[in-house]
Amino acid sequence: ENLIIVNNFNYGSRVRGGGLYMDGENSKISNSYLLRNLSYANSSESYGGGAYMIQGTGYNLVVANNRCYNGICRGGGIFLESAKFYNNTIAYNMATNGTGIYHWQDDKTGVASQLSLYNCIIYDNYDNTNRSVTDQVNSAEPGQMDRSHNCYMNSSDLSSKFQESDGNFTGTKAQAF
């Protein structure tokens, strides 16, 4: 709680979390900043530029300017298996898949995968390759991702999970109230 995790570099062949690695059913991070962290694979896999979370809850976070780079690269801001996310800003992160958030599902881990997003801003997360705002939230198993509530994302590849009827807003046009 109340952490500032900044300017960390995690390098190796199977890198998990540039700034933070969390595992445990009761793991929680809140009121914290994850800024300018790098997860860099020397050959094969790099997951979670800012953080790698197997289970837990994250709320009141700013996850920004993190990068997952080289090899298989998922989750520029954060890589999650099973989590609840409340009141978070995920912005200006970079990766190849799930530029802001990557949600993973693997029956071998023994973790019942589920992702829930509430009151989150997901903004301008970029692809490493072509520097475009795309793939900001990616799920290996979209059926295990709950519909988001009251979130904003300036582009949406998982449009079925970001419905206006749930209070979400996607796109770049201003909305009149």
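Quick caveat, the model's predicted, so the values are computed rather than measured.
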Does Ser46 form a side chain to side chain donor-acceptor pair (under 3.5 Å) with Ser39? I'd like the steps, not just the answer.
CA-CA 6 Å; Ser46 179; Ser39 174; 2.8 Å; yes
Thr99 meets the side-chain hydrogen bond (donor to acceptor under 3.5 Å, both in side chains) criterion, sequence neighbours left out, with none
Examine distances only and state if a side-chain atom of Asn88 and a backbone atom of Asn60 form a donor-acceptor pair shorter than 3.5 Å.
yes
With sequence neighbours excluded, what pairs up with Asp146 under the side-chain hydrogen bond (donor to acceptor under 3.5 Å, both in side chains) test?
Gln114, Ser116
Any link between Ile101 and Leu38 through a network of hydrophobic side chains (Ile, Leu, Val, Met, Phe, Trp, Tyr) touching at under 4.5 Å?
no
State, yes or no, whether a side-chain contact exists between Tyr102 and Tyr47 at a heavy-atom distance under 4.5 Å.
no
Check for a donor-acceptor pair, side chain of Asn10 on one end and backbone N or O of Gly17 on the other, with a separation under 3.5 Å.
yes
Separation between CG (Asn119) and SG (Cys151), nearest 0.5 Å, reads 6.5 Å
Which residue pairs pass the salt bridge (Lys or Arg N to Asp or Glu O under 4.0 Å) test when at least one of the two sits in residues 48-73, sequence neighbours left out?
none
Spell out, as yes or no, whether a donor-acceptor pair under 3.5 Å connects the side chain of Ser148 to the backbone of Phe162.
no
For the student: nearest non-hydrogen atoms of Cys68 and Gly76, plus distance:
CB-CA, 4.1 Å
Hey, what's the ring geometry for Tyr152 with Phe169, parallel, tilted or perpendicular (30° and 60° as the breaks)?
parallel
Atom pair CE (Met53) and CZ (Phe85), whose distance is rounded to the nearest 0.5 Å:
5.0 Å
Please confirm whether the backbone N or O of Asp127 pairs with a side-chain atom of Asp135, one donor and one acceptor, at under 3.5 Å?
no
Co-membership, hydrophobic cluster, residues Leu3 and Phe9, 4.5 Å side-chain
no
Applying salt bridge (Lys or Arg N to Asp or Glu O under 4.0 Å), which residue pairs with at least one partner in residues 37-65 are found, sequence neighbours left out?
Arg14-Glu45, Arg16-Glu45
Side chain of His149, backbone of Asn168: donor and acceptor closer than 3.5 Å?
no
Rounded to the nearest 0.5 Å, how far apart are NZ of Lys84 and CG of Leu115?
11.0 Å
Distance from Asp124 atom CG to Ser132 atom OG, nearest 0.5 Å?
11.0 Å
Taking atom OG of Ser32 and atom CD1 of Ile4, what is their separation to the nearest 0.5 Å?
8.5 Å
Shortest non-hydrogen contact between Cys73 and Asn128, atoms and distance:
SG-ND2, 3.8 Å
Could you give me the CA-CA distance, side-chain angles and deciding distance for Ile122 and Leu117, then say whether side-chain contact (heavy atoms from CB on, under 4.5 Å) is met?
CA-CA 10 Å; Ile122 302 161; Leu117 300 173; 4.1 Å; yes
Answer yes or no: is there a donor N or O on one side and an acceptor on the other, between the side chain of Asn150 and the main chain of Tyr118, under 3.5 Å?
no
Output all residues satisfying salt bridge (charged side-chain N to carboxylate O under 4.0 Å, His left out) with Arg36, sequence neighbours left out; order by chain, then residue number.
none
By side-chain hydrogen bond (donor to acceptor under 3.5 Å, both in side chains), which residues pair with Asn8, not counting sequence neighbours?
Asn37
How far apart are the closest heavy atoms of Glu1 and Ser30, and which atoms are they?
CG-OG, 3.3 Å
Asn42 side chain to Tyr11 main-chain N or O, any donor-acceptor pair under 3.5 Å?
no
Apply side-chain contact (heavy atoms from CB on, under 4.5 Å) to Asn154 and Gln136, showing your working.
CA-CA 9 Å; Asn154 64 328; Gln136 294 196 84; 2.9 Å; yes
I need the Arg74 CZ to Leu80 CG distance, nearest 0.5 Å.
13.5 Å
Is the number of heavy atoms from other residues, nucleotides or ligands under 6.0 Å of Tyr86 OH greater than 12?
yes
Kindly work out whether a path of hydrophobic side-chain contacts (I/L/V/M/F/W/Y, heavy atoms less than 4.5 Å apart) joins Val6 to Leu20.
no
When hydrophobic residues are tied together by side-chain contacts of less than 4.5 Å, even through go-betweens, does Val133 share a cluster with Met94?
yes
Can you tell me if Asn93 uses its side chain to pair, donor with acceptor, with the backbone of Gly49 under 3.5 Å?
no
Please say yes or no: joined through hydrophobic side-chain contacts below 4.5 Å, possibly via intermediate residues, are Tyr69 and Val63 part of one cluster?
no
Shortest non-hydrogen separation from Ile29 to Leu34 and the atoms involved
CD1-CD1, 4.0 Å
